[in-house]
Amino acid sequence: MLRLAAKRLLQGGRLGSHEAQSPAVLSLPRFYHERVVDHYDNPRNVGSFDKHDPTVGTGLVGAPACGDVMKLQIKVDDSTGKIVDACFKTFGCGSAIASSSVATEWVKGKQMEEVLTIKNTEIAKHLSLPPVKLHCSMLAEDAIKAAVKDYQAKQTKSNGSTEATPVEKAANA
């Protein structure tokens with residue numbers, strides 16, 4: 001109902017049967033930046049991979065304060081170390097869903113060391129998140145790091161090595 005009302009307002013339609021709208025209705029502020037609305041309405045890369053696949057890293061993070069839960073998965077090409085695909089499932093607000101969607105877009109095609117440099121501040125700036133929603137971008141950054149760490153743990157386990165790789169060291173930093 002709220003989405004329909006907002007759509008009508010943005011398209012210049014009427015909410016009720018009155019011909020003239022009140023000035024308060026016409027000057028309603030937009031609460032989310034258009035990029036957040038776009039990623040919320042059309043989220044990219046929603047889904048999940050088999051968590052038992054050795055080429056998949058899974059990051060599951062949550063924010064107890066607001067109840068948001070984010071699962072971000074990466075699929076890595078073992079021979080190149082490049083992330084070839086990514087997906088997410090998020091239970092949370094529009095900003096959390098948008099942050100997850102942006103994160104999956106940004107990690108695709110990058111080396112694992114490179115994705116560990118993605119900071120929540122970059123995601124927040126891209127989506128123009130207000131201060132009260134910064135925790136959503138923090139969840140996305142944490143999910144990326146957790147997915148990389150999970151992938152590295154699977155590789156270490158399958159190789160029988162106990163020494164941390166440079167990517168693992170960066171993920172733990």
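Both backbone and side-chain heavy atoms feed into the values below; hydrogens, waters and symmetry mates do not.
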Visitor: Side chain of Lys154, backbone of Val56: donor and acceptor closer than 3.5 Å?
Guide: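 Yes, the answer is positive, given that a donor and an acceptor are paired below the 3.5 Å cut-off.
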
Visitor: Before giving the answer on side chain to side chain contact (heavy atoms under 4.5 Å, CB included), spell out for Val148 and Ile74 the whole-Å C-alpha distance, their side-chain angles and the decisive distance to 0.1 Å.
Guide: CA-CA 8 Å; Val148 168; Ile74 55 172; 4.0 Å; yes

Visitor: Drop me the distance from Leu72's CG to Asp150's CG, to the nearest 0.5 angstrom.
Guide: 11.5 Å

Visitor: Hydrophobic cluster membership, with links at side-chain heavy-atom distances under 4.5 Å among I/L/V/M/F/W/Y: are Trp106 and Leu129 in one?
Guide: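 Yes, Trp106 connects to Leu129 through the hydrophobic network.
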
Visitor: Nearest 0.5 angstrom please: Phe88 CZ to Arg44 CZ, how far?
Guide: 9.5 Å

Visitor: Quick one: does Asp78's side chain get under 4.5 Å of Thr55's, heavy atoms only?
Guide: yes

Visitor: Do Met70 and Leu60 make a side-chain contact, defined as non-hydrogen atoms from C-beta onward lying under 4.5 Å apart?
Guide: no

Visitor: I'd like to know if the side chain of Thr90 and the backbone of Gly92 have a donor-acceptor N/O pair within less than 3.5 Å.
Guide: no

Visitor: Could you check whether any side-chain heavy atom of Ile144 comes within less than 4.5 Å of a side-chain heavy atom of Asp142, counting everything from C-beta outward?
Guide: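 Counting from C-beta outward, Ile144 and Asp142 never come under 4.5 Å.
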
Visitor: Using atom types as modelled and distance alone, determine if a side-chain donor or acceptor of Ser101 lies under 3.5 Å from a backbone N or O of Ile97.
Guide: no

Visitor: Determine the minimum heavy-atom distance between Glu114 and Thr117, stating which atoms define it.
Guide: O-OG1, 2.5 Å

Visitor: Could you tell me if the side chain of Met112 sits less than 4.5 Å from the side chain of Lys82, heavy atoms only?
Guide: no

Visitor: Identify, with sequence neighbours excluded, every residue that meets side-chain hydrogen bond (donor to acceptor under 3.5 Å, both in side chains) alongside Asn120.
Guide: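 For Asn120, no residue satisfies side-chain hydrogen bond (donor to acceptor under 3.5 Å, both in side chains) once neighbours in sequence are set aside.
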
Visitor: Side-chain contact test, heavy atoms from C-beta onward, threshold under 4.5 Å: evaluate it for Lys110 versus Ile83 and give yes or no.
Guide: no

Visitor: Salt-bridge test for Asp53 and Lys75: reply yes if a basic N is under 4.0 Å from a carboxylate O, no otherwise.
Guide: yes

Visitor: So, the side chain of Gln155 versus the backbone of Pro54: is there a donor-acceptor pair under 3.5 Å, distance only?
Guide: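 Checking the backbone N and O of Pro54 against the side chain of Gln155, a donor-acceptor pair under 3.5 Å is found.
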
Visitor: Taking atom CG of Leu139 and atom CD1 of Ile123, what is their separation to the nearest 0.5 Å?
Guide: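 Here the interatomic distance stands at 10.0 Å.
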
Visitor: Between SG of Cys87 and NZ of Lys108, what distance do you get to the nearest 0.5 Å?
Guide: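 That separation rounds to 9.0 Å.
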
Visitor: Kindly indicate whether the side chain of Val84, heavy atoms from C-beta on, has any atom under 4.5 Å from the side chain of Val76.
Guide: no

Visitor: If every non-hydrogen atom of Ala86 is compared with every non-hydrogen atom of Asn45, which pair is closest and at what distance?
Guide: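 Distance-wise, the nearest heavy atoms are O-CB, 3.3 Å.
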
Visitor: Could you check Gln73, His52, Lys71, Lys149 and say which one makes a side chain to side chain donor-acceptor pair (under 3.5 Å) with Thr58?
Guide: Gln73

Visitor: Output the distance between atom CG (Asp68) and atom SG (Cys136), rounded to the nearest 0.5 Å.
Guide: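 Here the interatomic distance stands at 5.0 Å.
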
Visitor: Within the side chain of Glu122, is there an N or O that forms a donor-acceptor pair under 3.5 Å with the backbone of Lys119?
Guide: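 Yes, Glu122 side chain to Lys119 backbone: donor-acceptor pair under 3.5 Å.
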
Visitor: Let me confirm one number: the OG-NE2 distance from Ser99 to His126, rounded to the nearest 0.5 Å.
Guide: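 Reported to 0.5 Å precision, the distance equals 10.0 Å.
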
